[in-house]
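Here the structure is laid out as structure tokens; the discussion comes afterwards.
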Amino acid sequence: MDPKYQPQQIEEKLYREWEEKGYFKANINKKKKPFSIILPPPNANADLHLGHAMYVVEDIMIRYHKLLGDEVLWLPGADHAGFETQFVFENHLKKEGKSRFDFDRDSLFKIIWEFVWQNRGNMEDQLRKLGFALDWGKKKFSMDEDIVKIIYQTFKKLHDQGLVYREKRLVNYCTFCGTSFSDLEVIYKEKISPLYYMKYGPFTLATTRPETKFGDTAVVVNPKDKRYKKWIGKEIEVEGLTGKFKLKVVSDESVDPKFGTGVVKVTPAHDFTDFETSRRHNLEMKQVIGFDGKLNELTGIYQGLYVNQARTKIVEDLKKKGLLVKIKEDYKNRVGTCYKCGRVLEPLPKEQWFVKIRPLADKAKKLVNEEKIKIYPRRFKKILIWWLDNFRDWNISRQVVWGIRIPAYFCQLKKQWFIEPIPPKRCTICGGQDFKQDEDTFDTWFSSAQWPFATLMTQNVIASDSEAISKKEITSSSLTPRNDSFFNYFYPTTVMETGYDILPWWVARMIMIGYFATGKPPFKNIFLHGLIRDKDGKKMSKSKGNVINPMDMVDKYGADALRSALIFGAKEGNDLSFSEEKVIGMRNFTNKIWNIGRFIWMNHSVIPTKSRLAGRVEGSKQKDSSTPLRSARNDTLRQLQKEFKEEKKKYLKLMDSYRFSQALGLVYEFLWHRFADYYIEQLKDEVIHGNIEALKTLREVYLENLKMLHPFIPFVSDAVWKVFKGERSSILSEKL
RNA sequence: GGACUCGUAGCUCAGCGGUUUAGAGCAUCUGAUUUACAUUCAGAGGGUCAGAGGUUCAAAUCCUCUCGAGUCCACCA
């Protein structure tokens, strides 16, 4: 054994061995308890960041349950990450002086596919470097043919049950990125938006968006507002920039009489509140801004101007015409922006596919309330329920090429949509050839929402017992004969572990869609971890320059050090502060583990000889073999065994209640400051003089602790284990 | 406006199903070593546990309020 633990010489080789010997392979074993986790699939084309390294929490659970003797599955995969990936790719194109408009749909898809495949291997190698006990043979990609087939079946099932519908509605649309989003993708930013008070027929009203006035189809006031009561139901004539026009005055509770002048113009095509108002009052919708972000032909001389340009010009013209009363320049409001490019989003009316959330969310809520799905830390239960109560219908259409194309077809003859999971040869509606597939792709989260069951349903694993083989199950839609025994054994999965930041995006939707598709919750437990911050508790970001690359840490200090730095002293579910110093501290810990082993091994492997003894004893105090001391040593041994017993009991309790940080802290404290600093120091001379009893006790307690530490620091623990138990042994075939 | 998290040693944080002198890592200071490990060991300094009430024999821990930091959500036109 080297005097120093050198992870660089051990980790890669050891991981390869684990993989080759099949320690990570899951099978169907009805004699064992199944324990399964589906890895939250990283983007296929990106490198891992520290957030991904937090999957170490999952590896801890996986390895711990392996040690408990469960049949364990940790299933890896990658996500195509639709719009995200296309956005990255477009930036890449920009560097070459090109844009997405230089390609037709098919060739754009093809070059993005190639781009993704070129960048794909990195992520998997990085997960290996972190030591994750993933069952690589079962990895899936969200665009695998069989996965897509399942996504399509679910979509059809939702549609058949009236839970998917197509409707023209206001959606958040980024005119730069060229796609719509769901509510969740919108980032609201506080901005200074001058509030313009303008003359509007007999009224004065306040607006931040004068350029939308061409799309106004009514004026609304509060029904209780005495000032305007007499106008309700009447029609007014308004002098505008492009001539006179007439509008109805309606009343609606949503209007706050105290805001502005208490009169609001209604622009149903370009404002969410107004859209709702228009539905309540049956108002016409008039779109004056196009998907290119420019004003359209309904705006007269303003046609062709971008929204911001138009606003400036319209304000000038209003001034000239004497229609502008005043401007509140310092007015602040919140504006929806694109989460990728940061530009202001435009609410625009568009026909899209929506998932009807209410029935799905209600069922999901029941599962959570009845603890069919448990969530840790507990406080997130309330947050999850809040989301399930407040979700609105989910727009799943994206105008992005890189994605899973929606299997919806439009019959040109009957002007109707139909859904087919398999590309149809003929129109389902009229039997003819005249139909066209929807150009749009699914929101990535629509496929992610199906990840747990989709990945398990597409495994070709057959049960080892003949009973299961003879009972080949066929899917309800009978598209593909499928062996469901693997799915049945591992689903619902045991734990879904991910960051709390994607609770509504992913976790909630997996519950809703997973339960809909399978009649079971996709997982029994949810465990949420926090976000990683820098050593001053600040968010890591490229612009701040405080980003730490996890792979650098692995190269410098070893995967074990990085892993334990992410766990040690961090409260589950809370953000944690991370620094290189912390990794160094944990590297010292791995070295300590190594050296404790080295000490025991050195004495263990060398049978004490007289000359050796003489060499050692010379210069020391020479009192070790006297009888009173011997019995004192025996007391020490008993004390050690007692202390270890308590430690292990506490450890199991902590591990079982997901308090990994405390479990690691416990073993850290015990092994370093009790076992090494105290017990080894006490027994050192004894051991060197060949006290077999003392050595045996130290060895046993140490090896037990190695097993306990293995989930946290798999490399060094197994490396030392092999020294003691032989090259062909591994903690991975041990039991706690 | 709603919800949540946090305010504990110089810094970053544990501890919070209540109980002896409140902990860790890093940092600081003093000392040790022909050594399993200097990626080490022994020891020291450093905290009225944000503040104020309350419950209790007993509170950093439970309850209420106040102040401060941060996060998420919400149709202020």
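Order of the sequence lines sets the chain letters (A, B, ...), proteins ahead of strands, with each chain counted from 1.
In this structure, L664(A) places its CG atom 12 Å from C1' of A14(B), rounding to the nearest Å. The nearest whole Å value for the distance from the CZ atom in R598(A) to the P atom in U39(B) is 14 Å. Rounded to a whole Å, the CD1 atom of I532(A) is 13 Å from the P atom of C13(B).
Out of C4(B), C26(B), C16(B), the shortest distance to the side chain of R379(A) is found at C4(B). When the nucleotides A36(B), G15(B), C75(B) are ranked by their closest atom to the side chain of M602(A), A36(B) comes out on top. Of the candidates U40(B), C16(B), A36(B), the closest approach to any side-chain atom of K684(A) belongs to A36(B). The side chain of K592(A) lies closest to U40(B) when the candidates are G25(B), U40(B), A77(B).
The six-membered or imidazole ring of F568(A) lies away from that of F589(A), with a centre-to-centre distance of 6.0 Å or more.
Nucleotides U61(B) and U8(B) place their C1' atoms 12 Å apart, quoted to the nearest Å.
Counting atom types as modelled, K382(A) pairs no side-chain N or O with a base atom of G2(B) as donor and acceptor under 3.5 Å.
Residue F272(A) is classed as having no contact, given no heavy-atom separation below 4.0 Å to the nucleic acid.
In a base pair of the Watson-Crick type (N1 to N3 plus N6-O4 or O6-N4) or a G-U wobble (N1-O2 and O6-N3), with each distance short of 3.5 Å, G7(B) is matched with C67(B). When both distances must be under 3.5 Å, the Watson-Crick or G-U wobble mate of U61(B) does not exist.
In this structure, Q662(A) and D677(A) both approach RNA chain B, and ranking their closest nucleotides by distance from the 5' end singles out Q662(A).
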